[in-house]
Trainee: 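One structure coming up, written as structure tokens, with questions to follow.
What's counted below: heavy atoms across the whole structure, side chains too, no hydrogens, waters or symmetry copies. Here is the naming used below: chain letters follow the sequence lines, and residue numbers restart at 1 for every chain.
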Protein chains: 2
Amino acid sequence: MTVPDDAGAVSLTVDVVLLTIRDGRLCVLLVERGIEPFAGTWALPGGFVTADEDLEAAARRELAEETGVDAGPVHLEQLRTYAAPHRDPRGRVVTVAHLALMPDLPHPVAGSDAAHARWWPVDEVLTPTTHGPVLAFDHPTIVRDGVERARAKLEYTTLATSFVAEPFTLGDLRSVYEAVWGVDLDAPNFRRKVLSTPGFVVDTGETVSVGRGKPAGLYHPGEATDLHPAMLRPEPSRDLTRG
Amino acid sequence: MTVPDDAGAVSLTVDVVLLTIRDGRLCVLLVERGIEPFAGTWALPGGFVTADEDLEAAARRELAEETGVDAGPVHLEQLRTYAAPHRDPRGRVVTVAHLALMPDLPHPVAGSDAAHARWWPVDEVLTPTTHGPVLAFDHPTIVRDGVERARAKLEYTTLATSFVAEPFTLGDLRSVYEAVWGVDLDAPNFRRKVLSTPGFVVDTGETVSVGRGKPAGLYHPGEATDLHPAMLRPEPSRDLTRG
DNA sequence: CGTCCAAATGGTCATACTGACTCTTATAAC
DNA sequence: GTTATAAGAGTCAGTATGACCATTTGGACG
């Protein structure tokens with residue numbers, strides 16, 4: 001009782017849209033390809049799924065191997081599967097894209113295989129520019145879908161906390177929304193919304209002072225995962241391509 | 001420049017969670033398996049993706065072949081990919097599950113291969129009962145995910161119209177929400193919400209009278225796809241397993 | 001044929017949430 | 001010490017919602 005060799009035969013890969021926020025801009029991690037096809041262009045970290053490995057394990061392994069990112073602390077979820085017949089010139093390659101979010105830690109983009117990994121602002125990736133990267137395969141579509149998923153999930157989940165290191169201030173958290181959505185949010189209203197959502201954040205009781213301004217309270221992520229009602233996303237006042 | 005035969009080699013299938021509403025209950029279409037593995041149990045319609053076919057085409061083809069459903073009018077979207085290493089005893093079979101919604105038309109569950117297709121109320125599928133079906137593979141999980149996706153999308157999209165034949169009354173549309181969510185909605189408030197959302201429905205100007213009660217206005221689906229703000233889902237008052 | 005019923009439709013009102021805004025406080029930079 | 005900056009506290013009007021009540025209308029029923 002086995003599957004005929006040719007029944008639905010494909011090569012299966014995972015790719016990871018790893019997002020973080022650097023200098024107030026939403027950024028995606030890309031790896032420069034050293035081999036054909038698409039040598040010299042930039043691709044999402046990813047690779048073939050091995051024989052006895054599930055998808056999430058494959059995604060975390062590839063993340064570690066190709067970019068030196070310890071996938072332990074990052075949020076990882078399945079995004080979508082891309083299977084257009086000729087998306088890969090080598091043959092029928094189907095990829096299960098994943099979305100990963102992490103804070104802007106002193107990023108270990110320095111591993112062995114990871115020498116060619118780099119953070120790119122998503123606006124430079126999504127809008128073709130002279131100084132932006134050229135993407136391999138259908139990765140522009142995948143990046144776009146990943147970013148849109150992230151934008152949507154900030155509305156109705158507490159996932160924004162995945163973008164900041166602990167502990168964080170409400171200003172840090174607000175900066176996440178502003179960077180991902182490309183809008184400016186009213187600080188008092190944002191504060192009211194976050195604090196009125198049970199379990200969104202937990203007050204540590206401590207404060208920090210960063211440069212000018214009144215010291216800010218420090219928080220940890222709470223137990224809540226969903227926002228009811230949702231955080232409303234204003235129309236993009238800033239240019240969304242600034243990501 | 002090809003992929004080594006063994007690199008990420010899997011068999012790829014599509015499966016479809018086709019939902020409709022019959023007699024006020026949310027139902028899923030299942031097919032009785034005639035062959036091993038899982039002969040005699042019930043499975044989602046689906047099958048292997050052919051060499052030059054994309055996923056959506058495969059899903060529509062399988063729906064037509066296995067259940068006689070003309071996939072033209074049904075809403076179809078990718079749901080999630082399931083790839084646990086031993087989910088299929090025949091080998092490494094990965095399935096891309098899809099979610100499909102259709103109105104309760106005089107359903108053509110009568111095609112050739114489709115002789116073994118049947119609608120099952122989702123509550124009988126999700127909660128093991130003596131008279132409910134036994135599902136093959138990891139299809140219980142897939143059905144659960146599909147139903148949860150449908151419930152969620154009714155909140156923030158106009159997808160409920162995919163469950164009703166045109167033209168429809170606001171009572172028909174409200175019944176969709178009530179069946180999928182397992183709640184009772186206030187008719188005047190529901191009406192206000194739907195009519196105040198531009199492009200949710202389009203008034204035909206005609207009315208119908210069905211049995212008792214004041215004749216109801218008839219509507220077509222509008223151009224809108226998203227609901228802002230969302231339709232709020234009350235806590236399940238009715239038992240959700242009645243789904 | 002008249003009455004009753006059920007469902008659609010048309011409203012009201014209190015409450016919750018949001019967006020826009022002002023004001024105060026506390027710290028670092030100058 | 002003064003000022004710039006950001007956090008934090010609070011106000012107020014507009015909107016959306018949930019819970020109701022009232023009216024309309026055609027078929028069902030006697």
Side-chain angles (χ1 to χ4, degrees), chain A residues 24 154-156 164 167-179 181 183-198 200-219 224 226-238, chain B residues 24 154-156 158 164 167-179 181 183-219 224 226-238:
Chain A
L154 288 206
E155 293 188 44
Y156 59 92
V164 289
F168 53 85
T169 70
L170 294 184
D172 295 335
L173 195 59
R174 182 164 48 83
S175 298
V176 169
Y177 279 89
E178 293 178 334
W181 284 351
V183 298
D184 291 311
L185 297 178
D186 180 81
N189 289 343
F190 179 82
R191 174 190 184 76
R192 176 180 60 189
K193 175 65 179 174
V194 172
L195 294 183
S196 72
T197 301
F200 195 164
V201 297
V202 177
D203 194 344
T204 66
E206 310 195 348
T207 61
V208 278
S209 182
V210 283
R212 298 277 184 88
K214 185 176 179 176
L218 286 171
Y219 297 83
D226 292 285
L227 261 41
H228 288 302
M231 178 93 62
L232 296 187
R233 164 160 51 158
E235 292 301 306
S237 56
R238 280 151 50 186
Chain B
L154 288 205
E155 293 189 45
Y156 59 93
T158 61
V164 290
F168 53 86
T169 69
L170 294 184
D172 294 335
L173 195 59
R174 182 164 47 84
S175 297
V176 168
Y177 278 90
E178 293 178 333
W181 285 352
V183 299
D184 292 310
L185 297 178
D186 180 81
N189 289 343
F190 179 82
R191 174 190 185 76
R192 178 181 58 189
K193 176 64 179 175
V194 172
L195 294 183
S196 71
T197 301
F200 194 164
V201 297
V202 177
D203 194 344
T204 66
E206 310 193 348
T207 62
V208 278
S209 182
V210 281
R212 297 282 184 85
K214 184 175 179 176
L218 286 172
Y219 297 83
D226 292 285
L227 261 40
H228 287 303
M231 179 93 60
L232 296 187
R233 165 159 52 157
E235 293 300 306
S237 56
R238 279 153 50 187

Trainee: Please report, rounded to the nearest Å, how far the P atom of D/dG26 is from the NZ atom of B/Lys214.
Mentor: 9 Å
Trainee: To the nearest Å, give me how far apart CG (B/Asp186) and P (C/dA8) are.
Mentor: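 Nearest whole value for this atom pair: 12 Å.
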Trainee: Let me know the distance between CG of B/Leu170 and C1' of C/dA7, rounded to the nearest Å.
Mentor: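 In whole Å, C/dA7 C1' lies 12 Å from B/Leu170 CG.
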Trainee: Quick one: does B/Thr158's side chain have a donor or acceptor within less than 3.5 Å of a partner on B/Ala224's backbone?
Mentor: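 Yes: the side chain of B/Thr158 pairs with the backbone of B/Ala224.
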Trainee: Taking CG from B/Asp172 and C1' from C/dA8, how many angstroms apart are they, rounded to a whole number?
Mentor: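 Computing the B/Asp172:CG to C/dA8:C1' distance gives 12 Å.
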Trainee: Counting only side-chain heavy atoms from C-beta out, which of D/dA9, D/dT25, D/dA6 sits nearest to B/Pro215?
Mentor: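 Nucleotide nearest to B/Pro215's side chain: D/dT25.
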Trainee: Return the NZ to CG distance between B/Lys193 and B/Leu170, rounded to the nearest 0.5 Å.
Mentor: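 It is 14.0 Å, given to the nearest 0.5 Å.
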Trainee: Rounded to the nearest angstrom, tell me the gap between atom CZ in A/Arg233 and atom C1' in C/dG19.
Mentor: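 My rounded result for the distance is 18 Å.
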Trainee: Counting only non-hydrogen atoms, which of residues 203-211 of chain A are less than 4.0 Å from DNA chain C?
Mentor: A/Ser209, A/Gly211
Trainee: For A/Leu185 and D/dA6, what is the distance between atoms CG and P respectively, to the nearest whole Å?
Mentor: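 Nearest whole value for this atom pair: 15 Å.
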Trainee: What is the distance from atom CG of A/Leu185 to atom CG of A/Leu173, rounded to the nearest 0.5 Å?
Mentor: 10.0 Å
Trainee: Whole-Å distance between C/dA8 P and B/Leu218 CG?
Mentor: 12 Å
Trainee: Would you compute the distance between atom OH of B/Tyr177 and atom CG of B/Asp184 and round it to the nearest 0.5 angstrom?
Mentor: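 Between atom OH of B/Tyr177 and atom CG of B/Asp184 there are 15.5 Å.
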Trainee: Any sub-3.5 Å donor-acceptor pair from B/Thr204's side-chain atoms to B/Leu218's backbone N or O?
Mentor: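 Side chain of B/Thr204 to backbone of B/Leu218: a pair is present.
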Trainee: Give me the distances for all protein-to-nucleotides 13-17 of chain D N/O pairs that come in under 3.5 Å?
Mentor:
from	atom 1	to	atom 2	distance (Å)
D/dT17	OP1	B/Lys193	NZ	2.8

Trainee: D/dA7 phosphate, OP1 or OP2: any side-chain N/O from A/Arg191 under 4.0 angstrom?
Mentor: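 A/Arg191 to D/dA7 OP1/OP2: no side-chain N or O under 4.0 Å.
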Trainee: Identify the pairs formed between an N or O of the protein and an N or O of nucleotides 2-4 of chain D at a distance under 3.5 Å, and give each distance.
Mentor:
from	atom 1	to	atom 2	distance (Å)
D/dA4	O4'	A/Arg212	NH1	3.4

Trainee: Taking the side chain as every heavy atom from C-beta outward, state whether A/Tyr219 and A/Val164 have any atom pair closer than 4.5 Å.
Mentor: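 Not in contact.
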Trainee: Below 4.5 Å, heavy atoms only, C-beta onward: do B/Val194 and B/Met231 meet side chain to side chain?
Mentor: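 Yes - at least one pair of side-chain heavy atoms lies under 4.5 Å apart.
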Trainee: Taking OP1 and OP2 of C/dA7, is either one under 4.0 Å from a side-chain nitrogen or oxygen of B/Arg174?
Mentor: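 Indeed not, no polar side-chain atom of B/Arg174 lies that close.
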Trainee: Please give, in whole Å, the distance from C/dA16 C1' to A/His228 NE2?
Mentor: 16 Å
Trainee: Is there a donor-acceptor contact under 3.5 Å linking the side chains of A/Asp172 and A/Ser175?
Mentor: no
Trainee: Measure across A/Ser196 and A/Pro198 and return the closest heavy-atom pair with its distance rounded to 0.1 Å.
Mentor: O-CD, 3.3 Å
Trainee: Kindly indicate whether the side chain of B/Phe168, heavy atoms from C-beta on, has any atom under 4.5 Å from the side chain of B/Val176.
Mentor: no
Trainee: Which class fits the ring pair A/Tyr156 and B/Tyr156: parallel under 30°, tilted 30 to 60°, perpendicular over 60°?
Mentor: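 A/Tyr156 and B/Tyr156: parallel rings.
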